[in-house]
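Take a look at the structure set out below.
Order of the sequence lines sets the chain letters (A, B, ...), proteins ahead of strands, with each chain counted from 1. On a predicted model such as this, the values are computed, not experimentally measured, just so you know.
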Amino acid sequence: MIVGTKNIISDIKVVLKKYSIIELVELSYSQFENVDIQCNNLVKHAKNSNIEEIKRELKNTLSENEYIHKVSLAKNNFINIELSIKYFNENLNTEIKQINENKQSIIIDYGGPNIGKALHVGHLRTLNIGRSIYNTNKLAGNKIISDIHLGDWGMPVALILAFIEKNKIDINSVNYLDLESIYPDANNLAKSDEVFYENAKKIAKKLNNGDKLTLNNWRKIYKTSVTEIKKLLKEMGHSFDWFYGESDVVEETKKVIANAKIQKKVVDDSGALVSKEKHEPPIILIKSDGSFLYLTTDLGTIYFREEKQAFNKYLYVVDQRQSNHFKQLFSTVSYFGLSDKEFQHISYGTMNGVDNKPLKTRDGGVYKLTTLRDDIKNELKKKNSEENSLEILTNTILTYSDLIPNRTQNYKFEIDQFTETNGKTGIYIQYAQVRARKILESVPQVSYINFNGDLNEEERNLIFEISKFYYIFFNSLEKHEPHHLAEYAYTLSQVFNTFYTNNKILSEEISNPEREKRVYLVELFYQKILQVFEALGIEPVDKM
RNA sequence: GCUCUCGUAGCUCAAAUGGAUAGAGCAACAGACUUCUAAUCUGUAGGUUAUAGGUUCGAGUCCUAUCGAGAGCGCCA
C-alpha cells in the first residue's frame, strides 16, 4: 500500500464500477522514466468492448485529481501516473505509528546461543535479523518483547560438566576461553567414548532432577559463560528484554508433560514418552533414560510465556534447517492446547563457506565473532577512520553486510566481502548520513516547507525516493524481511549523494528560498535515513 | 530412499498479490577534486533468468519433467 493514494484508488474504482468492473484496485511503483506509480488493473480488461471509453473516462477523472500531476494510458492499458507536488507536501511527514492500523503484541525468540560455546559467525544472522524485526516493530508501535532463549540446559551443558569431572579440572578455575575449548573436546569424546557419553546422560538427568552439587557446578559454568556472552553482545549493540534460557522452564516443562498425560495425549513407546499425534518422525517428549528433548523444553517455554504475558504472536528467528522442528513444535502446541496464538518460524538461510556448505560450528575451524570484528576493524584502520567511530563502523559492517541478502536464502560468507568498504556497504550509508548531518549542524533548523513545482531533477528524485519510505518499511515489517530496508538505505543514500554533489546548499551563490528548500530536503533525508538505521539496528556515527 | 529449499551478469546479491524494457554492488574500462568531506559523483561494457514443456492477455515468479547445488530425516540442540 502506497501512502496517501487512497483517493486515487477510489477515483479509479468509481470509473471501473460504472462499467461493472468491481475488483481490488492496487497501485505499484513504476520503473519507467517519468512515471511514479502505475495501476495494472485495466490490462486484463483489454477485450472489454468499452475499453476505449473507460480509458478516456479514467484519463479525465484522474487528470482532475489533485495528487496527480500527469496521467497517461499506455497502449497496453497500463495507467501511468506522475504524482503532483501536493502529494509530496502531504505525504513526507506521516508518522509510522499512525499508518499501522493493526497493532500487535509479539514475542520474538532468538533461539539463543549455547553457553560454553564461543559466539561464531553463524550467530550473526539470528542476532541481526532478530534485532531488525524487533526495532521495526517498535517503530510501528507494536508491543514486542525479545527473549534470547539461551541454550543453557540439557546435553550440551552435561557434556561440559562430564568433561570437567573426567579430567579432574578445578571448576572454579575455568574461564570462558577454557569453556570454548572444552565443549568441542567433550562433544568429540562423546562420539568415541561410550562410557563418557553415558556419564554425561546421567548428569543431564541429575540436572533435571535438581541434584544440588550438579546444579552448583552448572551455576558456575553458567555465570562464566553468560558474563562473556553479555559483554560481547553489548559491544555489538545487542540487548534483550528477557534473558531467559532453557534452565528457567524446567518446572513448566514438567507441567506440560503432566497435563499431556492427564489428557491422554501421550503414550509410552519402548520406554520413551511419545505424542499420540501422528508425525514422521514421531514426537518424543521424554527419552527412555528420562531426560527431556529440545522440543519438550520449547513446549515448557511456551507454557512459561503464556503464564507470564499475553502475546498474540510468537516469532522464532532460527536457522531454516530447523523448520521441521518448528513444524512439529507448533503442531504439538495446538494438539496439547497450550496456546491458540499465531506461531511463526522466521527461518533464514545458512551462512555458507566458499565450498557452498554451511560453516560448521565444531572443532578447530570455527570463525569466532570476535575474530571477525577484529578483521573488520583492521581493514577500517587502513582507511584512516576516525578513532572514535571505529567501533560503530565495525558494527555497521557486521550488521549491514548480513542484512543485505534476503534472509530466506543461503548466502556465501566471504571475508573480503564483509570487510569491503566501497560500494553497497555500511560505510556508504554512514557516509551519506554524516554528510547530511554536517550540513544540518551548520544551519538553523528549517520548519515545514511547502514545495512548489520548482524542483530540479535531483531534488525531485530525492523527494520521490523519500516518499517510498513508508511502502518499504511496511513491506519489511509485514514479511519480516529486513533486506528491503537495507536495500532502501542504499538507494536512498545514493539519490542523496547525487543530489549533494550536484547541488550546492550552503554556498553564498545560493540565496534564500532556494537554500531553505534544499536544507529542508536534507532534513527530510536525514530524518528518514535515521529511521531506516534504527530499523536495521545501525547506530549513526558523528564523524568519519 | 523419503521430505524440503534453491539455480538470475565473471563474482556477490535485488526484482512487493504474476505486469511493460530483469536491477544494484564488486571486478574491468573511460572521465570528474581551487567549490558544504572524492569513504563521493558521471559514463561504457556485461543476460536465451540451468534446460525442455505447460498454464494466460502477460512468467525470473505458478505447474510438470530433467540436470545441478544444499539441508532435514526416533530418543543431539
ask   = Of A:Tyr29 and A:Ile284, whose closest RNA chain B nucleotide lies nearer the 5' terminus?
value = A:Tyr29

note = By nearest-heavy-atom nucleotide on RNA chain B, the more 5' of A:Ser28 and A:Ile286 is A:Ser28

Looking at [N], does its base get a donor-acceptor pair with the side chain of [X] below 3.5 Å?
X: A:Gln494; N: B:A24; value: no
X: A:Glu26; N: B:U17; value: yes
X: A:Asp298; N: B:A77; value: no
X: A:Tyr471; N: B:A16; value: yes

For the side chain of [X], counting heavy atoms from C-beta on, which of [options] is nearest?
X: A:Thr501; options: B:A20, B:G25, B:U40; value: B:U40
X: A:Leu293; options: B:A20, B:C76, B:U12; value: B:C76
X: A:Met155; options: B:C57, B:A71, B:C76; value: B:C76
X: A:Gln322; options: B:A16, B:A77, B:C76; value: B:A77

Heavy-atom side-chain proximity of A:Leu161 to A:Ile221 below 4.5 angstrom = yes

message = When you compare the side chain of A:Lys543 with that of A:Val434, does any pair of heavy atoms fall below 4.5 Å?
response = no

Short side-chain N/O contact to [N] OP1/OP2 from [X], under 4.0 Å:
X: A:Arg435; N: B:A38; answer: yes
X: A:Tyr411; N: B:G70; answer: no
X: A:Thr350; N: B:G70; answer: no

key: Cation-pi, A:Tyr335 ring and A:Lys265 (6.0 angstrom, 45 degrees)   = yes

ask   = Is the NZ or CZ atom of A:Lys468 both under 6.0 Å from the centre of the six-membered ring of A:Tyr488 and within 45° of that ring's axis?
value = no

Value in whole Å for how far the [atom2] atom of [N] lies from [atom1] of [X]:
X: A:His480; N: B:A16; atom1: NE2; atom2: P; value: 18 Å
X: A:Ile404; N: B:G23; atom1: CD1; atom2: C1'; value: 13 Å
X: A:Tyr488; N: B:A14; atom1: OH; atom2: P; value: 20 Å

query = Using centres under 5.5 Å plus planes under 30 degrees as the test, is A:Phe78 stacked with B:A20?
reply = yes

task = Could you tell me whether A:Val434 contacts a base, only the sugar-phosphate backbone, or nothing, with contacts defined as non-hydrogen atoms closer than 4.0 Å?
result = base

task = Would you indicate what A:His45 reaches in the nucleic acid, counting non-hydrogen atoms under 4.0 angstrom: base, sugar-phosphate, or nothing?
result = nothing

query = Nearest heavy-atom pair of A:Gln328 and A:His279: which atoms, and what distance?
reply = NE2-CB, 3.9 Å

Close aromatic pair by centroid cut-off 6.0 Å: A:Tyr294 and A:His325 = yes

Pairwise C1' distance, B:G53 and B:C13 [rounded to whole Å] = 30 Å

ask   = In the strands shown, is B:C41 matched to any nucleotide by a Watson-Crick or G-U wobble pair with both distances under 3.5 Å, and which?
value = B:G31

